[in-house]
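Let me begin by presenting the structure, written as structure tokens, before commenting on it.
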Number of protein chains: 2
Amino acid sequence: MLFSGLPDEAFDRTLQPIDHFIFPPGCLLHESGRSGEFIFSIRRGLVKLINIAPGGVQRIVRLLGPGSSVGLELLDGEKGYRHPVVAVNEVDVCRIPVTTVKQLQADYPVLHDQVRERLQEQLDRADDWIVSMGTGPAKERVVNLLLMLGEICGDGNGDIEMLHLDDMAAIVGTSIETVSRIIAELKRHHLVYKVANHLYRLDRGALSVIIGDTAG
Amino acid sequence: MLFSGLPDEAFDRTLQPIDHFIFPPGCLLHESGRSGEFIFSIRRGLVKLINIAPGGVQRIVRLLGPGSSVGLELLDGEKGYRHPVVAVNEVDVCRIPVTTVKQLQADYPVLHDQVRERLQEQLDRADDWIVSMGTGPAKERVVNLLLMLGEICGDGNGDIEMLHLDDMAAIVGTSIETVSRIIAELKRHHLVYKVANHLYRLDRGALSVIIGDTAG
DNA sequence: CGAGGGGTTGACGCCGATCAAAGCTGGTGG
DNA sequence: CCACCAGCTTTGATCGGCGTCAACCCCTCG
């Protein structure tokens, strides 16, 4: 969590409350309060940061799971969020007023480091995204996405909650038909197989071979 | 600069010196000192952050110009840089020991904000990159790149220093031949024309039409 | 049972990768 | 001052991957 490392009494004097929310899939996080006043810390589930190009085409620029923070850009004093943020699964978040974070940063300098590490983590994620989702044939990109899903919200078994086709297409930058064909082929070769409704298991070793990762 | 907002006397007690370097094109910044000890602040010129995939394929994940900082990830206590950083032009930088930044952060909390803003700026840049360089036909991506070059290191006239084909290809994710054909076509239509050796001028209005930016 | 939304599958055309070869250009040495 | 060479750029020909359009399937829900 964003506040790990802070003592419990740190929160005794916060002027505004830290609330806990649960969003259903497809819900826009920002609507839970007036725009640009809250930072969210994700406890469970998956959210997508989307970019809407002039023309209406959507592209997903990041997936964030448990432990990640949303809205840190508000600390720079700007009014709005950079991207619309939408729940993919059912999502469990802490909603923290920006003023509370600023206040706590002043009282506990270690929080500065926490915030910086979150930002750095997102930057690393974005760089990885540029390489994984922006390069190579469609098949490699889809496989990269599946493996990344396992890392972000893997449940230990290596099972992932499969996204909808349009989300995956908006991530890897292809048409939904192409994604459908690729995943169908992966299923035929038993590199991906269903274990429950929307829950799929990955053969990570075999998938890693496809993207040419000789380190397995 | 990274230290704007700090008083001059802040640097009187720094244990290690802040040096000034000039790198020729193609030079790896990290080699100027032992690995993982320095943060660079760019004063002039352009650097590229590159990612080398297993297999040797290079992809450029970011271009940084004057005002940007390189190596902020070292503040997280890790040993190495995330990406190799290579000078594109002749580059003018300040080399700042990580320990100096940490020391100054402790003495001047406002520096925490400066660092956070730099990170946020790079995150915004990365997100924009994902959209601009990862979506749409090759022509749009190249035009986006040219316009972005003008923003990062524009000299006011709207002139840009043209990159080499292989760099542009590594940015937009196409072959060098495709980039060459696209730029040749732009020249034919007088949307781009040479004003000096490697210096080109852009017709921004007309180029904006290509990428469908109705706000032009 | 019918409607609708997502997923699947096929046919076809085009964009862009690839291979190949021919200009250009700047640097080097005679 | 010129010839030469290496690396970069340009251009052409060909081919495959993937976008697009269209039809169909399947599951859910009213």
Side-chain angles (χ1 to χ4, degrees), chain A residues 24-26 48 53 55-60 86 88-89 133-146 160-189 191-194 196-200 210-212, chain B residues 24-26 48 53 55-59 86 88-90 133-146 160-189 192-200 210-212:
Chain A
K48 55 182 174 182
V57 184
Q58 292 195 7
R59 181 89 199 239
I60 295 175
V86 174
V88 174
N89 309 123
M133 307 305 166
T135 300
K139 190 170 172 184
E140 284 182 23
R141 301 208 298 273
V142 170
V143 169
N144 273 319
L145 170 58
L146 295 177
I160 61 166
E161 191 154 341
M162 189 63 76
L163 303 181
H164 283 192
L165 286 179
D166 48 7
D167 278 341
M168 291 197 280
I171 290 171
V172 300
T174 67
S175 66
I176 57 175
E177 293 93 333
T178 296
V179 177
S180 175
R181 281 183 244 266
I182 290 169
I183 293 198
E185 188 196 336
L186 294 177
K187 286 178 185 169
R188 274 196 297 276
H189 293 305
L191 304 184
V192 172
Y193 48 96
K194 181 188 282 198
N197 206 6
H198 278 234
L199 255 197
Y200 286 77
I210 292 180
I211 61 177
Chain B
K48 55 181 176 183
V57 184
Q58 292 195 6
R59 181 91 200 237
V86 175
V88 175
N89 307 123
E90 185 173 87
M133 307 304 166
T135 300
K139 189 169 171 183
E140 284 182 22
R141 302 209 297 274
V142 170
V143 170
N144 273 319
L145 169 58
L146 294 178
I160 61 166
E161 191 154 341
M162 188 64 76
L163 304 181
H164 284 192
L165 286 178
D166 49 7
D167 279 340
M168 291 196 280
I171 289 171
V172 302
T174 66
S175 66
I176 57 175
E177 293 93 333
T178 295
V179 177
S180 176
R181 281 183 242 266
I182 290 169
I183 293 199
E185 187 196 337
L186 294 177
K187 286 177 185 170
R188 272 197 298 276
H189 293 303
V192 172
Y193 49 96
K194 181 188 282 198
V195 293
N197 207 6
H198 277 234
L199 256 197
Y200 286 77
I210 292 179
I211 61 177

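Bear in mind that the values here come from a model prediction, so they are computed numbers and not experimental data. Chain naming here is simple, since letters A, B, ... match the order of the sequence lines and numbering starts at 1 in each. Computed from heavy atoms alone, side chains included, the values below leave out hydrogens, waters and symmetry copies.
- One atom, CG of Asn197(B), and another, C1' of dC24(C), lie 13 Å apart when rounded to the nearest Å.
- The stretch residues 162-171 of chain A touches DNA chain C through His164(A), Leu165(A), each having a heavy atom within less than 4.0 Å of the strand.
- The two residues Arg59(A) and Val172(A) make their nearest non-hydrogen contact at NH2-C, 3.8 Å.
- Residue contacts for Thr174(B): at a heavy-atom cut-off of 4.0 Å it reaches the sugar-phosphate backbone alone, with no base atom in range.
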Legend entry - Met168(B)/Leu165(B) under side chain to side chain contact (heavy atoms under 4.5 Å, CB included): CA gap, chis, key distance, verdict: CA-CA 5 Å; Met168(B) 291 196 280; Leu165(B) 286 178; 4.0 Å; yes
Inset, instruction - Kindly indicate, with the supporting measurements, whether the criterion side chain to side chain contact (heavy atoms under 4.5 Å, CB included) is fulfilled by Leu186(B) and Ile210(B). - result: CA-CA 11 Å; Leu186(B) 294 177; Ile210(B) 292 179; 3.9 Å; yes
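- Residues from residues 178-188 of chain A lying near DNA chain D, meaning a heavy-atom separation below 4.0 Å, are Thr178(A), Arg181(A) in numerical order.
- Note that CD of Glu185(B) and NE2 of His189(B) are 4.5 Å apart. Values are rounded to the nearest 0.5 Å.
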Inset, instruction - Output, in order, the C-alpha distance, side-chain angles, deciding distance and verdict of side chain to side chain contact (heavy atoms under 4.5 Å, CB included) for Leu145(B) and Val179(B). - result: CA-CA 11 Å; Leu145(B) 169 58; Val179(B) 177; over 6 Å; no
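- Expressed to the nearest 0.5 Å, how far CD1 of Ile182(B) lies from NZ of Lys187(B) amounts to 13.0 Å.
- A heavy-atom distance below 4.5 Å is found between the side chains of Met162(A) and Ile183(A).
- Closest approach of Ile160(A) to Leu199(A), counting heavy atoms only: O-CD2, 3.2 Å.
- Rounding to the nearest 0.5 angstrom, the gap separating the CD atom in Glu161(A) from the NE2 atom in His198(A) is 8.0 Å.
- Using a 4.0 Å cutoff on non-hydrogen atoms, the parts of residues 133-145 of chain B near DNA chain C are Pro137(B), Ala138(B), ordered by number.
- In the set dA22(D), dC19(C), dG19(D), the nucleotide with an atom closest to the side chain of Glu177(A) is dA22(D).
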Legend entry - Chi angles and distances behind the side chain to side chain contact (heavy atoms under 4.5 Å, CB included) call for Leu191(A), Val143(A): CA-CA 10 Å; Leu191(A) 304 184; Val143(A) 169; over 6 Å; no
